[in-house]
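A short write-up of the structure that comes next.
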4 protein chains.
Amino acid sequence: MSDLDLQRFNVGIDLALEAKELAESGGNGPVPGVLSEVTDDDGIKITRLDITTEEGSRIMGKMIGHYVTFEVPELRKQDTGLQDRVATKLAQEFAGFLERIGVGKAANVLIVGLGNWNVTPDALGPIVVENTLVTRHFFELMPNEVAPGYRNVSAIAPGVLGITGIESSDIVQGIVDRSKPDLIIAIDALASKALERVNTTIQIADTGIHPGSGIGNKRRGLTKDILGVPVVAIGVPTVLYASTIVSNSIDLLREHLMRHAGQADGFMGLLDSIDENERLQLVREALGPLGHDLLVTPKEIDQFIEDIANIVASGLNAALHEAVDKTNVAAYTH
Amino acid sequence: MSDLDLQRFNVGIDLALEAKELAESGGNGPVPGVLSEVTDDDGIKITRLDITTEEGSRIMGKMIGHYVTFEVPELRKQDTGLQDRVATKLAQEFAGFLERIGVGKAANVLIVGLGNWNVTPDALGPIVVENTLVTRHFFELMPNEVAPGYRNVSAIAPGVLGITGIESSDIVQGIVDRSKPDLIIAIDALASKALERVNTTIQIADTGIHPGSGIGNKRRGLTKDILGVPVVAIGVPTVLYASTIVSNSIDLLREHLMRHAGQADGFMGLLDSIDENERLQLVREALGPLGHDLLVTPKEIDQFIEDIANIVASGLNAALHEAVDKTNVAAYTH
Amino acid sequence: MSDLDLQRFNVGIDLALEAKELAESGGNGPVPGVLSEVTDDDGIKITRLDITTEEGSRIMGKMIGHYVTFEVPELRKQDTGLQDRVATKLAQEFAGFLERIGVGKAANVLIVGLGNWNVTPDALGPIVVENTLVTRHFFELMPNEVAPGYRNVSAIAPGVLGITGIESSDIVQGIVDRSKPDLIIAIDALASKALERVNTTIQIADTGIHPGSGIGNKRRGLTKDILGVPVVAIGVPTVLYASTIVSNSIDLLREHLMRHAGQADGFMGLLDSIDENERLQLVREALGPLGHDLLVTPKEIDQFIEDIANIVASGLNAALHEAVDKTNVAAYTH
Amino acid sequence: MSDLDLQRFNVGIDLALEAKELAESGGNGPVPGVLSEVTDDDGIKITRLDITTEEGSRIMGKMIGHYVTFEVPELRKQDTGLQDRVATKLAQEFAGFLERIGVGKAANVLIVGLGNWNVTPDALGPIVVENTLVTRHFFELMPNEVAPGYRNVSAIAPGVLGITGIESSDIVQGIVDRSKPDLIIAIDALASKALERVNTTIQIADTGIHPGSGIGNKRRGLTKDILGVPVVAIGVPTVLYASTIVSNSIDLLREHLMRHAGQADGFMGLLDSIDENERLQLVREALGPLGHDLLVTPKEIDQFIEDIANIVASGLNAALHEAVDKTNVAAYTH
């Protein structure tokens with residue numbers, strides 16, 4: 001069960017941003033077929049990144065598509081003023097994103113909150129669903145009484161495989177078949193490569209959610225190919241592998257030593273000779289045999305998740321319903 | 001939203017047991033077409049009640065079908081020994097119930113936990129789902145490795161209309177279409193007519209879950225007719241209308257006075273003359289204009305729900321999987 | 001354990017408002033020694049009631065002192081705009097109340113959140129404590145760096161006797177001895193006589209918290225006599241006895257019948273002849289032997305408690321610290 | 001506030017076990033003045049370690065005293081059978097520990113659950129308190145009716161400085177002054193140096209709880225010197241610093257390279273030349289400027305804390321009350 005659960009986190013482990021950093025870290029300069037634009041507004045950094053060609057997709061290891069990333073390093077400081085600003089910006093950016101990918105103002109939306117209610121860092125999706133302004137039932141039951149400025153929105157938290165025994169993808173497809181939305185917005189907690197991104201970063205992408213491709217992986221994703229409906233994914237890194245921290249550290253020390261090594265030839269060879277097995281062995285020693293696969297999260301995760309889920313829900317509510325004031329979005333969410 | 005939610009509670013508000021008591025209260029003796037059998041084992045009273053004819057169904061105001069009710073007045077006393085005994089008896093009784101209605105040992109089961117995670121007395125279904133032993137994913141992903149004695153079981157908590165914007169019935173039907181179970185077991189919190197039954201009573205019925213039939217009610221139930229799969233409902237009264245308490249009290253005082261009234265004719269007329277409007281007026285005065293529609297629940301509901309959900313989940317796990325020891329069922333549930 | 005817990009609720013079961021209604025219900029007109037003043041501002045009714053003489057105290061069955069009651073019938077409707085208005089008014093009223101009873105702006109305050117974290121309708125006090133702006137540690141650890149406009153405030157949730165084995169009063173006295181506050185503000189959940197007051201009413205009183213006086217009751221209260229420090233109590237009815245609903249109903253029906261009875265003498269005697277034992281018997285029949293002592297609460301208690309605790313905490317934060325903006329108090333509370 | 005909170009975790013960051021490993025890691029053999037004994041019973045490793053001399057204390061950096069550590073690597077696997085075995089062993093070991101340090105069977109005990117209810121990995125103490133069998137109120141209110149085999153036990157969760165504004169030590173001292181226990185048992189969540197110890201290790205020590213000794217640290221601990229009553233501490237590592245993981249990794253890589261370096265002199269110097277500033281710089285680079293002080297915890301912390309708190313509470317209940325069956329301790333705890 002936990003293996004399957006970990007696998008879910010493998011899915012989409014890389015933020016497009018992290019993929020780009022990695023691709024460019026070799027010193028090869030900009031990746032062909034990848035356009036990006038950055039704005040920074042008083043602590044809220046927004047990167048709009050488009051992967052436009054197969055080559056760019058291949059180099060990045062990410063699907064062709066549009067990616068928007070919010071980075072707000074101070075977001076863990078529980079500053080409600082900043083949270084409100086982020087929610088407001090998210091609403092504006094998300095509304096623009098939908099327009100850019102051709103989703104009309106009347107499109108029916110199904111919000112899917114992936115994850116497990118009972119595992120705090122994995123509860124982002126269900127908490128967002130809980131705070132979402134849903135209207136579909138009003139459109140169904142009393143269509144003539146729905147005020148203008150509201151869109152048909154529904155929401156579901158399908159649970160995780162270990163609790164339901166059914167793939168989230170299957171549950172969502174069943175609901176899509178019955179409720180016929182025009183667009184799916186899937187919210188998910190992600191694993192990051194960098195601790196500083198955990199609970200400070202929000203990624204929007206029109207590529208859907210793709211399962212990992214490990215051996216024997218029969219799991220299905222949430223994508224337009226599978227569901228027949230476009231899927232926009234909103235991801236927030238809420239955990240990272242402890243082993244990632246160790247690996248990053250080893251890399252940094254190697255780089256550090258290399259920079260200072262100068263002519264010590266034998267030494268360079270020594271560092272290069274740390275092969276994958278030795279590396280894995282070091283990780284195991286650093287974390288203990290039971291720790292090396294552990295996903296970790298900041299101690300204050302309960303509050304962080306609550307805060308960021310409210311930001312995402314507020315942003316969505318304002319982006320999806322024209323009647324919701326986009327200049328003060330927080331008021332509409334509990 | 002809350003109106004719709006109340007409506008959900010109206011659905012199945014009557015325990016078959018309460019219907020029978022009502023039908024027989026006029027002094028007409030046993031209801032034709034209704035068979036019942038009662039056992040009482042050291043504080044656990046089990047009533048097996050079958051409605052076998054249209055006439056019985058009409059008089060009772062309940063569907064033709066099999067009903068089993070557990071009444072355990074002491075269940076609110078937080079006695080873990082008693083809880084274990086109830087779970088064990090429930091497992092045995094439920095296994096027998098499935099056999100009686102012709103559900104085979106290999107039948108695939110989908111457990112549906114109705115209700116709202118965030119409203120404690122309404123969270124019974126979701127908590128049961130969380131504690132259910134699901135296996136479907138093992139059957140799907142590694143069919144050759146499933147140990148004998150386990151049945152294919154999946155589970156879903158579809159949420160409530162106010163959170164999802166989609167009828168639970170539609171969500172379930174979508175999942176049924178995709179996952180093809182042979183049987184649905186739907187868990188739901190009910191409203192009772194009697195405070196003493198709240199959180200002390202468990203009803204099993206093979207009639208599914210029927211929505212209320214109020215004016216303009218377009219809501220759909222969970223029944224074999226609708227879903228194409230038999231539906232066994234497990235219901236636990238967790239709330240009652242405050243107005244029910246008032247009405248019961250008025251009735252009791254009337255009866256009391258009548259019994260003692262003797263020849264005072266004018267008086268009899270007076271009591272009879274309390275019509276429905278006056279009665280409603282009295283209820284409103286007793287509860288206040290805002291209180292008369294309130295569903296209330298005992299103060300200790302958090303603990304009661306946890307306890308009874310564990311009993312139901314333990315009982316289901318043992319009843320559904322032969323490999324689970326039916327003599328000590330609690331050990332398998334968290 | 002639960003007996004003791006019920007007793008806690010007996011303490012202060014009567015809102016001063018309810019006591020006054022009762023005292024005046026006999027048609028005797030205003031109670032001597034009791035002054036009261038009512039304002040009503042768009043759905044927020046505020047009653048300032050002073051019991052000034054021993055006679056008034058005796059008739060009312062309440063201590064001499066100042067009482068302020070907020071009645072906001074719509075408070076259960078989850079209207080965040082109304083909640084903000086109530087919090088703002090509460091801040092202003094409470095600041096005035098402190099002034100009226102002679103508490104200076106520099107007085108150190110200890111907030112005591114009575115009740116049980118794990119029993120939702122009893123968790124008001126602990127939730128308020130959690131959302132209170134405490135500053136005492138800054139005054140202790142870095143006195144020169146505390147910004148002007150902040151008062152020395154500390155807070156404690158002492159737990160309940162069944163969890164701690166120690167009287168809350170003893171715990172608080174120990175803390176008072178060590179931390180030397182000038183004023184205690186004690187927050188507590190109360191039992192009401194009227195369902196419509198549950199979760200819609202807030203009472204402030206400078207009389208402290210008095211335990212019930214049942215047989216063998218050795219329990220101590222939170223009062224100036226006991227603690228040596230003035231105690232302001234803030235109480236919110238969050239539960240009521242089911243038996244109260246029944247009793248109220250019986251009374252109403254009696255009154256109703258009496259009004260219509262006219263000359264039917266035998267009948268009047270009949271109604272009068274319902275003595276206490278018969279009445280208790282009727283209550284038991286209406287609720288079942290196990291139900292007649294049950295405290296009940298509205299089904300939506302989780303949300304109601306959260307809302308009203310935020311109102312109280314926001315109001316306190318703004319009333320106690322001049323630096324907190326009293327025109328928009330909600331922003332400072334999580 | 002969070003700084004102060006982190007400081008709390010600094011307190012007692014080292015398990016005695018980790019201190020001993022560190023002291024012996026230089027290859028100097030056993031530490032003088034430190035006796036230790038290890039038993040291993042089917043996955044439960046128990047180390048009894050006594051620091052008997054000032055020299056031992058100085059080398060270890062730990063107080064003179066008795067330490068018992070349970071290490072159960074599989075404890076994170078949610079195996080209820082193993083959990084029951086650990087609770088049973090803990091009860092037996094703890095009863096022996098009390099005897100060894102001279103605590104009699106009639107000694108009154110105050111259990112202090114340190115930590116913050118609302119921060120999951122910090123909630124160990126409060127959850128244990130909630131599941132503790134307290135009896136002091138029965139001894140106070142109905143002394144003649146307490147069954148034999150029960151000891152006078154009370155319990156308090158004093159909260160954290162950021163919530164209360166009062167030092168836990170001051171709160172506890174106030175309660176001690178009022179309730180006069182003979183022994184304090186303080187439960188606390190700790191920070192570990194090793195991820196594999198997180199949520200798998202329980203330490204008992206008769207040294208009380210000592211605050212860190214950082215510059216300007218005015219905080220007080222829970223010790224016999226301060227409180228006038230012996231203090232036994234039960235600590236469970238539930239978090240670790242992300243920076244610890246990085247530092248451990250750097251150390252391991254250094255050792256690894258050193259082992260393989262052979263004669264490469266310049267290289268040895270290079271590794272040795274990584275001074276504290278460079279090291280801190282590396283840690284910052286690995287974690288990001290905002291991450292290097294973060295305490296992290298496994299993703300599944302909600303369940304782990306629940307499990308281990310139940311073990312500790314069950315163990316305490318059986319150890320403290322002779323009437324509780326020490327061969328099946330779990331049954332007494334919710």
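A note on names: the letters A, B, ... follow the listed sequences, proteins ahead of strands, and every chain is numbered from 1.
With a 4.5 angstrom heavy-atom cutoff, Arg136(D) touches chain C via backbone and side-chain atoms both. For Leu110(D), the part lying under 4.5 angstrom from a heavy atom of chain C is the side chain only. Heavy atoms closer than 4.5 Å to chain C are found nowhere in Asn152(D), neither backbone nor side chain. Neither the backbone nor the side chain of Pro126(D) comes within less than 4.5 Å of any heavy atom of chain C. The part of Ser179(D) that comes within reach of chain C is its side chain, from C-beta onward, which places non-hydrogen atoms under 4.5 angstrom from that chain.
Paired with Ile163(D) under the rule side chain to side chain contact (heavy atoms under 4.5 Å, CB included), one option of Val134(C), Val129(C), Thr132(C), Asn131(C) passes, and it is Val129(C).
The interface of residues 169-177 of chain C with chain D, defined by heavy-atom distances below 4.5 Å, comprises Asp170(C), Ile171(C), Gln173(C), Gly174(C), Ile175(C), Asp177(C).
To the nearest 0.5 Å, atom OG1 of residue Thr164(C) and atom NE2 of residue His137(D) are 7.5 Å apart.
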